[in-house]
Amino acid sequence: MSSIEQTLSIIKPDAVERSLVDNIKDIFTKNNLKIKESKKIHISKDEASEFYKVHQSKPFYNDLCAYLSSGPIVVMILEGESAVITNRKLMGATNPKDAEENTIRKLYGISIDKNSVHGSDSIENAKKEIEFFFKN
Ligand code: CMP
């Protein structure tokens, strides 16, 4: 059975700063994920804190929110067959050191914080995250 899904992807400040946006978008489109929406924005620390509030009890929460709001990011709605898991496979493990060859984080990630991309981890969270950035 076909399951066309949508998921949210963020290209983080480290990758935008290094002009990797087109390289990363190419990886999505070559792997059957359509970019339905894309916008470059610079969010405030309060907005980042709201977006990542699921991590609010974690020791890295403050740094994570400061980092996501430290420079421009590109937020996208990706659509395709099993888009949530497809995107997560393309991204690779959270820590670039643990990521498989040819994944985005292995190719471009610098550290667990500067890991170049974020992707929704479930269909339910994808809906919430898409709503967060594309509510209008
Ligand atoms: P992301 O997929 O955007 O979700 C939360 C982010 O927290 C994660 O990528 C990492 O960049 C960051 N992070 C920092 N430290 C950790 C950690 N110890 N475990 C998981 N994520 C971490």
Side-chain angles (χ1 to χ4, degrees):
M1 201 181 77
S2 131
S3 56
I4 299 298
E5 298 169 2
Q6 290 192 336
T7 190
L8 183 94
S9 170
I10 303 177
I11 303 180
K12 296 187 182 184
D14 67 272
V16 174
E17 192 182 334
R18 287 177 292 146
S19 304
L20 294 169
V21 172
D22 288 344
N23 301 44
I24 292 172
K25 285 184 169 180
D26 275 356
I27 293 176
F28 294 140
T29 52
K30 284 180 180 149
N31 286 279
N32 304 315
L33 289 177
K34 281 188 201 150
I35 299 168
K36 299 290 281 186
E37 301 278 350
S38 174
K39 62 182 179 186
K40 188 175 182 178
I41 55 176
H42 190 161
I43 60 172
S44 67
K45 191 170 177 208
D46 282 353
E47 289 169 314
S49 305
E50 178 65 21
F51 177 74
Y52 272 136
K53 70 174 185 238
V54 58
H55 294 299
Q56 64 193 347
S57 62
K58 311 267 174 64
F60 56 84
Y61 179 62
N62 187 52
D63 286 349
L64 174 64
C65 301
Y67 174 60
L68 196 72
S69 57
S70 67
I73 59 175
V74 174
V75 292
M76 290 164 288
I77 301 175
L78 305 180
E79 186 179 278
E81 181 75 30
S82 306
V84 171
I85 187 81
T86 300
N87 180 39
R88 289 185 71 78
K89 283 185 185 155
L90 293 174
M91 289 194 301
T94 306
N95 190 338
K97 279 193 219 154
D98 303 327
E100 281 182 40
E101 291 301 321
N102 290 316
T103 58
I104 295 168
R105 286 167 168 163
K106 181 72 172 186
L107 289 168
Y108 303 127
I110 296 169
S111 64
I112 195 163
D113 303 295
K114 296 183 174 181
N115 62 354
S116 298
V117 279
H118 166 84
S120 311
D121 64 1
S122 64
I123 296 178
E124 192 192 351
N125 283 336
K127 285 189 181 133
K128 288 185 194 157
E129 292 182 359
I130 288 169
E131 173 78 9
F132 184 87
F133 284 112
F134 295 95
K135 43 196 149 203
N136 296 312

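Counting convention: from 1, in listed order, for ligands and their atoms alike.
- Around the NZ atom of Lys127, the shell of radius 6.0 Å holds no more than 12 heavy atoms that belong to other residues, nucleotides or ligands.
- Looking only at heavy atoms of the protein, atom 5 (C) of ligand 1 is closest to His55 NE2, 3.5 Å.
- A donor-acceptor contact closer than 3.5 angstrom is absent between the side chains of Thr103 and Glu100.
- Pairing each heavy atom of Cys65 with each of Ala48, the nearest pair is O-CB, 3.5 Å.
- At the top of the distance list for atom 11 (O) of ligand 1, counting protein heavy atoms only, stands Ile112 O, 2.6 Å.
- Relative to the six-membered ring of Phe51, Lys53 misses at least one condition, a distance below 6.0 Å or an angle of at most 45° to the axis.
- When hydrogens are left out, the protein atom nearest atom 8 (C) of ligand 1 is Thr94 CG2, 3.7 Å; that is the closest non-hydrogen contact.
- For the residues Val117, Ile10, Leu64, Asp63, the heavy atom positioned nearest atom 7 (O) of ligand 1 is part of Leu64.
- In terms of N/O distances under 3.5 Å, ligand 1 is not approached by Phe60.
- Residue-to-ligand polar distances place His118 within reach of ligand 1: an N/O pair is separated by less than 3.5 Å.
- Interface of Tyr52 with ligand 1, defined as ligand atoms under 4.0 Å from a residue heavy atom, comprises 1 (P), 3 (O), 4 (O), 5 (C).
- Taking every non-hydrogen atom of Lys12 and a distance limit under 4.0 Å, the qualifying atoms of ligand 1 come out as 1 (P), 3 (O), 9 (O), 11 (O).
- Contact check for Val74 versus Val16: side-chain heavy atoms found under the 4.5 Å cut-off.
- Here the options are Val21, Ile43, Val117, the test is side chain to side chain contact (heavy atoms under 4.5 Å, CB included), and the partner is Ile73; only Ile43 passes.
- Seen from the ring of Tyr52, Lys58 does not count as a face-on cation partner, given the 6.0 Å and 45° thresholds.
- Those atoms of ligand 1 that come under 4.0 Å of a heavy atom in Asp113, given as number and element, are 11 (O), 14 (C).
- Heavy atoms of Arg105 approach ligand 1 to within less than 4.0 angstrom.
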